[in-house]
Structure formats: structure tokens, C-alpha cells
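Count residues from 1 along the sequence.
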Amino acid sequence: MNPVRRNTCARMIAFGALLGSAALPALATNLTAQFTSVSPSSTVQRSLNSGVNYSTLTVGLFNLVPTGGTYAGDLNPVGPAIFAFCVEPLEGVSPGSTYTWEVSPLESGATNIGGMGAARADRIRELFGEAYPLFGGPLDAMQASALQIAIWEIVREQNATLSVTGGTTRFQNESLAGTLALAQSYLDLVDGNGPRLQNLLALTLVGNQDLLVQSPEPGTIWLLSLAGACLGFTRRRRA
């Protein structure tokens with residue numbers, strides 16, 4: 001990479017750090033955590049092929065206990081545990097197992113489809129800006145399940161319309177009656193006009209589920225995005 005361009009990226013990130021906070025965590029970091037449970041939760045049947053095949057799944061709020069990694073920031077605004085939602089429905093994690101995820105911009109979540117991209121990430125930010133702006137806040141099983149269903153609908157639906165019972169991504173037979181109706185009501189709020197929650201991040205790990213988490217430090221998201229842009233620019237220059 002041209003030294004002038006390299007120094008420009010470095011100066012941009014340093015300037016961004018000054019604009020954000022002196023206490024922001026370092027960039028390009030990872031988090032090691034034990035996945036303990038999905039709670040509160042319920043079950044639902046989900047199809048990703050327009051209803052040809054359905055699988056019964058547990059849906060709800062993921063609970064993680066951080067054990068290490070290089071990420072120095074906080075990923076739970078209300079306590080020491082980490083709360084998360086799944087953004088990658090075709091890969092898994094096992095309760096009691098420990099994983100090391102990369103802390104990434106939200107757009108990078110769902111690595112098994114090459115990342116959800118900017119448009120879907122914007123919809124998820126609006127979903128949470130409208131329906132659940134503080135991870136770890138009061139949440140019952142139906143609400144947690146409905147939010148998870150809404151996330152999968154946004155990330156995997158191939159049609160323009162977000163419908164929990166139609167399109168390529170469909171749901172049926174929820175164990176808590178009313179969960180699908182609540183999920184649809186959340187999706188109906190995503191009309192492009194609502195508030196966006198800007199402090200959302202992805203925990204990414206190829207071969208296992210990517211997760212959606214919240215940082216109480218909005219400047220972290222800006223810096224991670226800037227670092228990713230500089231990295232992409234460097235790779236293009238080398239190519």
C-alpha cells in the first residue's frame with residue numbers, strides 16, 4: 001500500500017477515536033464467551049424454502065458469559081452477562097460450549113451468506129429502534145421469540161415483503177400462541193421511517209452462529225466500520 005494512503009487511513013482512525021471516546025476498545029478484536037442458554041424462549045417451526053420443509057427450533061434471547069478475548073469494551077448495557085440474538089439460522093452453537101467470535105460491524109453478520117449487507121442491517125437497526133432499544137431490558141418469552149423470528153425474516157427473506165407466514169422464509173406452529181402475530185407487528189414497524197439503533201454489532205464466527213449484540217458505546221461501531229473500509233481499500237490496492 002502506498003505509504004501516503006496508509007498514513008491517511010491511520011490518521012482517519014485516530015481522528016475518529018478522538019471524536020468518539022478516549023475509553024473506546026481497540027479495533028479488530030475478538031470475544032471469547034460461553035454460550036449458556038436461550039432464555040426466555042419458546043419454539044417455532046421455520047422454513048427457508050417457501051414452506052417445503054420445516055424445522056422446529058428454539059427461539060429467544062441468547063445468554064453468554066464472557067471469559068476472554070481481546071475486546072476491551074462492554075457488550076451489555078445493563079450488567080456483566082451478554083445478551084444476544086441469532087442472525088445465522090443454518091449454523092449452530094451448543095449450550096455449555098465456549099466460542100471465540102470476531103467483534104464486527106452489523107453488516108458482516110450472517111457470514112454463511114457473505115454477510116447480511118447494508119440494507120438488511122438498516123432494517124434490523126430500525127426493528128430494534130422501534131421494538132427493543134435496550135438489550136437486557138424487561139423481556140418475556142413471547143417478546144424474545146418474536147424478535148428472533150423478526151430478525152430471521154429480515155436476514156433471510158428474499159421477497160420485498162416481510163411476512164412471517166409467506167415468502168421464502170416462513171414460520172408456523174409457535175408454542176406460545178400469539179408469537180407470530182407479535183413478530184409480524186414488529187416487522188410492520190420496519191417501514192423506513194422509524195428510529196435506528198446505531199450501537200448494534202455482530203459476533204462473527206465462520207462455521208457457527210453469528211450473533212447480534214449491543215454495545216453501550218456508539219463510537220465503537222463507527223470505528224469498526226472505518227477500520228473495515230480502510231482494510232478493504234488496502235486489499236484493493238494490493239490486488
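For residues 141-160, there are no salt bridge (Lys or Arg N to Asp or Glu O under 4.0 Å) pairs, not counting sequence neighbours. Pairs passing the side-chain hydrogen bond (donor to acceptor under 3.5 Å, both in side chains) check and including a residue from residues 111-121, sequence neighbours excluded, read Glu88-Thr111, Thr111-Asp210. Screening residues 191-209 for salt bridge (Lys or Arg N to Asp or Glu O under 4.0 Å), with sequence neighbours left out, gives Asp122-Arg196, Glu126-Arg196. For residues 140-161, there are no ring-ring contact (aromatic ring centres under 6.0 Å, His included) pairs, not counting sequence neighbours. Applying the salt bridge (Lys or Arg N to Asp or Glu O under 4.0 Å) test to every pair with at least one member in residues 166-176, sequence neighbours left out, gives no pairs at all. Within the structure, the salt bridge (Lys or Arg N to Asp or Glu O under 4.0 Å) test picks out no pair touching residues 138-150 (sequence neighbours left out).
Relative ring orientation between Phe85 and Phe128 is described as tilted, the plane-to-plane angle lying within the 30° to 60° band.
Of the possible polar contacts, none joining the Tyr71 side chain to the Leu75 backbone as a donor-acceptor pair under 3.5 Å is found.
Partners of Thr67 by side-chain hydrogen bond (donor to acceptor under 3.5 Å, both in side chains), not counting sequence neighbours: none found. The side chain to side chain contact (heavy atoms under 4.5 Å, CB included) check on Thr165 picks up Ser163, with sequence neighbours excluded. With sequence neighbours excluded, the residues forming a ring pair (Phe, Tyr, Trp, His ring centres under 6.0 Å) with Phe62 are Phe35, listed by chain and number. Looking at residues two or more places apart in sequence or on another chain, you find a ring pair (Phe, Tyr, Trp, His ring centres under 6.0 Å) between Trp101 and Tyr99. Take Tyr186 and apply the ring pair (Phe, Tyr, Trp, His ring centres under 6.0 Å) test, not counting sequence neighbours, and it matches no residue.
In the hydrophobic cluster analysis, where Ile, Leu, Val, Met, Phe, Trp and Tyr join through side-chain heavy atoms closer than 4.5 angstrom, Leu134 is grouped together with Ile124.
Taking the centre of each ring, Tyr54 and Phe171 stay at or above the 6.0 Å mark.
To the nearest 0.5 Å, the span separating SG on Cys86 from CG on Leu61 amounts to 12.0 Å. The distance from atom CD of Glu130 to atom CG of Asn193, rounded to the nearest 0.5 Å, is 9.0 Å.
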Test side chain to side chain contact (heavy atoms under 4.5 Å, CB included) applied to Thr56 and Asn173, step by step:
CA-CA 9 Å; Thr56 300; Asn173 297 338; over 6 Å; no
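A 4.5 Å side-chain heavy-atom check between Leu127 and Leu189 finds every atom pair outside the cut-off.
Cluster partners of Leu90, by chain and number: Leu48. The rule joins Ile, Leu, Val, Met, Phe, Trp and Tyr whenever side-chain heavy atoms lie under 4.5 Å apart.
The minimum heavy-atom distance linking Val38 with Val59 is given by the pair CG1-C, 4.1 Å.
Donor-acceptor pairing under 3.5 Å is lacking for the side chains of Thr70 and Thr29.
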